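Convention: sequence-line order gives letters A, B, ...; per-chain numbering from 1. Since the structure is predicted, the reported quantities are computational estimates derived from the model, not experimental observations.
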Protein chains: 2
Amino acid sequence: MAVMTTAADTSEEGCGDARSVYRAACPCRDMLDLLANKWSALALGALEDGPRRFGALRTRLQGVSPKVLTQTLRRLEEHGLVDRTVYAEVPARVEYRLTPLGADACAPLAHLRSWVEQNIDRFPGG
Amino acid sequence: MAVMTTAADTSEEGCGDARSVYRAACPCRDMLDLLANKWSALALGALEDGPRRFGALRTRLQGVSPKVLTQTLRRLEEHGLVDRTVYAEVPARVEYRLTPLGADACAPLAHLRSWVEQNIDRFPGG
DNA sequence: TCTCCTGGTACCCATTGGGTACCATGGCAG
DNA sequence: CTGCCATGGTACCCAATGGGTACCAGGAGA
């Protein structure tokens, strides 16, 4: 996943000062990879106005398969962008909600989504 | 690529009115997939302040392999975000530059990149 | 007992991401 | 005249990942 190519980061050890997505070894790279992703962008946006259950998210993100949705949500959870709460009910109820960090991340992603929707006609064959 | 699942878009045929990245059949989905991508976001950003040659881009996007860079740029070209100009010199010189559409797309992507760089410390283990 | 509901997981396959090696062209050093 | 280099890729290969379908658990309700 992290590239960590042999050379390339000769003068950068873990990106001491200059945080930059353009540096291969900077953790920013991984975060960008996490957020700059179709399903992440959609999932975070779907949680923007409150907690949602797995099934509700599956409906909102039309065309997502359960496996991919699970993967996406787990990855977002690992990185502290969403919280996952399991209620011991029957049938099991699971709620996903944004963390404060996740809520903040929504802003740039919302810009991106709405830019796409507003400019789709400008794309060749769009 | 486009999912086009059997059901799911029963009431949507190519997303007639409601443009939404949340609809599986909407072309917005493909555009989001194109832009919400690590290398696309980096490549477009690298072209923000003027045309760049292939080699220069390769240097800027630390850790990118030539093949992946080519793929990324070609895909952006296909979708009208960048222009590719080959100069018949020796050795061949190839310049990439943003189209007006590509330049516009840079804004939301720049937000995303800088959000990541400014919030990287808030990530667990960041 | 049989079925339904939720929120997944197991398993499998195709696509793709990605790396390394190599190529074509002509200038230029030798 | 012969390498050798630089640029901008492509060819080939592999592993990971994306993604789909099938299935499961576990109790409620009929």
Next item on the list: Grab the CH2-C1' distance between B/W39 and C/dT16 for me, whole Å please.
Entry: 15 Å
Next item on the list: Give B/V68 one of three labels, base, sugar-phosphate or nothing, depending on what nucleic acid heavy atoms sit under 4.0 Å from its own.
Entry: base
Check: On DNA chain D, nearest-nucleotide positions of A/P91 versus A/S65: which is more 5'?
Finding: A/S65
Notebook entry, point to check: Are any of the side-chain heavy atoms of A/K38 and B/V21 separated by less than 4.5 Å?
Noted result: no
Margin query: What is the distance, to the nearest angstrom, from the CG atom on B/N37 to the P atom on D/dT17?
Written below: 15 Å
Check: Contact class for B/R58 (heavy atom, under 4.0 Å): base, sugar-phosphate, or nothing?
Finding: nothing
Next item on the list: Over 60° means perpendicular and under 30° means parallel, so classify the ring planes of B/H111 and A/H111, tilted if in between.
Entry: tilted
Check: Just checking, is any N or O donor in the side chain of A/Y96 or A/R52 under 3.5 Å from an acceptor N or O on the other one?
Finding: no
Check: Distance from A/I120 atom CD1 to B/R19 atom CZ, nearest 0.5 Å?
Finding: 7.5 Å
Next item on the list: Side chain of B/R74 only, please: which of D/dG8, C/dG7, D/dT10 is the nearest?
Entry: D/dT10
Checklist line | Minimum-distance nucleotide (side-chain atoms of B/V94 versus D/dG9, C/dT9, D/dA6) | finding: D/dG9
Check: Once you round it to whole Å, what is the distance between P of C/dG7 and CG of A/L57?
Finding: 9 Å
Checklist line | Side chain of B/P66 (C-beta onward), nearest among C/dT6, C/dT9, D/dG9 | finding: D/dG9
Margin query: Just the rounded figure in Å: distance from C1' of C/dG17 to CZ of B/R75.
Written below: 11 Å
Checklist line | Nucleotide of D/dG9, C/dG8, C/dG19 approaching B/F54 most closely (side-chain heavy atoms) | finding: D/dG9
Item checked: Given D/dG9, D/dG26, C/dG8, the nucleotide with the shortest approach to the side chain of B/R84 -> D/dG9
Check: If you check every side-chain atom of A/Q71, which of C/dT6, C/dG27, D/dG18 has the closest atom?
Finding: D/dG18
Check: Salt bridge between A/D83 and A/R97, side-chain N to carboxylate O under 4.0 Å?
Finding: no
Check: To the nearest angstrom, how far is B/D33 atom CG from C/dT15 atom P?
Finding: 16 Å
Notebook entry, point to check: Could you give the NZ-to-P distance, from A/K38 to C/dG17, as a whole number of Å?
Noted result: 11 Å
Next item on the list: Grab the CG-P distance between B/L73 and D/dG9 for me, whole Å please.
Entry: 8 Å
Next item on the list: Quick one: label A/Y96 by what it contacts on the DNA or RNA (base, sugar-phosphate, nothing), any heavy atom closer than 4.0 Å.
Entry: sugar-phosphate
Notebook entry, point to check: Of all the nucleotides listed (C/dG7, D/dG9, C/dG19), which has the minimum atom distance to the side chain of A/R53?
Noted result: C/dG7
Note to self: Without decimals, in angstroms, what is the distance between B/L61 CG and C/dG17 P?
What the structure shows: 15 Å
Notebook entry, point to check: What is the nucleic acid contact for A/E89, judged by heavy atoms within less than 4.0 Å: base, sugar-phosphate only, or nothing?
Noted result: nothing
